[in-house]
Number of protein chains: 2
Amino acid sequence: MTIRVIIVDDQAMVRAGFAALLAAQSDIDVVGEAPDGRKGVEVSRTVHPDVVLMDVRMPEMDGLAAARELLAPPVGVVHRPKVLMLTTFDVDDYVYEALRAGASGFLLKDAPPADLISAVRVVAAGDALLAPSVTRRLIADFARQRPAAPSGGPALRLNGLTPRETEVLELIARGLSNQEIAARLVLAEQTVKTHIGRVLAKLGLRDRAQAVIFAYESGLVTPGDA
Amino acid sequence: MTIRVIIVDDQAMVRAGFAALLAAQSDIDVVGEAPDGRKGVEVSRTVHPDVVLMDVRMPEMDGLAAARELLAPPVGVVHRPKVLMLTTFDVDDYVYEALRAGASGFLLKDAPPADLISAVRVVAAGDALLAPSVTRRLIADFARQRPAAPSGGPALRLNGLTPRETEVLELIARGLSNQEIAARLVLAEQTVKTHIGRVLAKLGLRDRAQAVIFAYESGLVTPGDA
DNA sequence: CTCGGCCCCCTACCCGGGTAGGGGGCCGAG
DNA sequence: CTCGGCCCCCTACCCGGGTAGGGGGCCGAG
């Protein structure tokens, strides 16, 4: 019995590469592809794959939203595939969001090809799977986790940032100074500093330069949307 | 007569994907792989491929340096492959550097797979090739080109940055402090400040946070390659 | 040779950004 | 109601980062 897989990634080359890689396995069939989350959901609901390989960052609908859609389907939809998230970076909040959404696994794209193949098999079999580096981070996070949101916390914010903090972070990532941010948000500059201080603390960053990096790496901001 | 190709890219998954893609063509043989420029040069000198698929950004020796090495071989080395550069972004200076080094082509990684395959064939046949978006940018650049470097200028640098300045900029974009950059490059912290000052002035930026933004927006640094 | 570009280093200075440690009001959950 | 989270604001302080304006050596082009 073959494992039916679809690949959702915005880069056609990546899709083709993965498809070729997986299709070479006798027990795996690539039965569909999609370039973004929204189309990925559609394709999944049409072909009913066992496993969805899902990129995190994509246009239209990102991988996390698509995963949530697939894993908590509306009434009437019975099919529920396993979702294996793919990413090039191991940012914790993605992991948390994805796991919370019910994803079966999280794999870094630069993992050895053999890992991808076995990951598909493991996930198809119903097991969970995390890349070693992700696991490491996960454990580290839990270790130093102050019992913040007790349980069933309100929402998924970027690493536990409040809306205001996220807003400030984005303006930092646009290159604004504290003064400019204050003007833009109609706040005292001190308040801006306070927000930034909390952002840096929550994310474990040193300064606004690292904050900019985080914003890009986490997808809060994307090259070209300046 | 098959086209012998080697793939030089730091991500094993990418190599495997491309290899699978190309190997499926009856007229193309993948005869080697390497994870960085230096090893790529070695492999090329060993297996004498017709075409080298070369990623731009890699550890140890980047794709541009490796391309120069292969295309201007030291005396005694006779083999001279075609080099097809691969990149995820279309930054002008990379294009210029690669073309000046004698690369046969420049392809964006997110091009359709069919393009990659035909690109290999085109290049192997001795023709040059640029991705459409690269061509567009190339023309646009020439169009609005102030007669800066009058002719045959020294080199192609990111917006007129010297190699050292570019190096410093990249470290800023990695989140390093001035002190850390100084340690990394074995410089006085003051020297680092001097370089940064010039970078900011040349690029019209205010501070290192904006420098980080520039690095991402220009493609000097890409989300995911942290 | 001279000259220009690059690289490295320096002193002196200041300000923006970040830290530490406060306070108050609002609001939804329990 | 109380309590916790969030948001906004404050003083005080300091240091990293950035500016201004120097200097010297190397090297390739002319």
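Order of the sequence lines fixes the chain letters, A, B, ..., with proteins taken first and strands second; residue numbering starts at 1 for each chain.
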Ionic contact status for Arg164(B) with Glu167(B), cut-off 4.0 Å:
yes

Here the distance between atom C1' of dG5(C) and atom CD of Glu165(B), to the nearest Å, is 11 Å

Note to self: Using the rule given for side-chain contact (heavy atoms from CB on, under 4.5 Å), can you reason through Glu217(A) versus Tyr216(B), listing the C-alpha separation, both sets of side-chain angles and the distance that settles it, and then say yes or no?
What the structure shows: CA-CA 10 Å; Glu217(A) 294 295 334; Tyr216(B) 275 94; 2.6 Å; yes

Atom NZ of Lys202(A) and atom C1' of dG18(C) are separated, to the nearest Å, by 17 Å

Here the distance between atom P of dC14(D) and atom NZ of Lys193(A), to the nearest Å, is 14 Å

Judged by nearest nucleotide, the residue sitting upstream toward the 5' end of DNA chain C, Arg198(B) or Glu189(A), is Arg198(B)

Between CD1 of Ile196(A) and P of dC9(D) the distance, given in whole Å, is 14 Å

The nucleotide from dA20(C), dC6(D), dC8(D) with an atom nearest the side chain of His195(A) is dC8(D)

| Is any side-chain N or O of Asn178(A) closer than 4.0 Å to OP1 or OP2 of dG17(C)? | yes

Open item on the list: Under 4.0 Å from OP1 or OP2 of dC9(D): is there any side-chain N or O of Thr191(A) that close?
Closed with: yes

Which of dC9(D), dG17(C), dT19(D) is nearest the side chain of Leu187(A)? It is dC9(D)

Is Arg206(B) near enough to dG18(D) that one of its side-chain N or O atoms lies under 4.0 angstrom from OP1 or OP2?
no

One should read off an interatomic distance between Asp9(A) CG and Leu53(A) CG, to the nearest 0.5 angstrom, of 9.0 Å

Rounded to whole Å, the CZ-C1' distance (Arg208(A) to dG16(C)) equals 8 Å

Taken to the nearest whole Å, CZ/Arg164(B) to P/dC26(D) is 17 Å

The Watson-Crick or G-U wobble partner of dC27(D), with both key distances under 3.5 Å, is dG4(C)

Rounded to whole Å, CG of Leu185(B) lies from C1' of dC9(C) at a distance of 15 Å

message: Regarding Ser177(A), tell me which of base, sugar-phosphate or nothing describes its non-hydrogen contacts under 4.0 Å with the strands shown.
response: sugar-phosphate

Per nearest nucleotide of DNA chain C, the residue lying toward the 5' end, Ala188(B) or Ile172(A), is Ala188(B)

**Prompt:** Is the shortest side-chain N to carboxylate O distance from Glu180(B) to Arg174(B) below 4.0 Å?
**Reply:** no

Of the listed dC7(D), dC10(C), dC8(C), the closest approach to the Gln190(B) side chain comes from dC10(C)

What one should report as the nearest heavy-atom pair of Leu205(A) and Ala211(A) is CD1-CA, 3.6 Å

Mate of dG21(C) across any strand shown (Watson-Crick or G-U wobble, both atom pairs under 3.5 Å) is dC10(D)

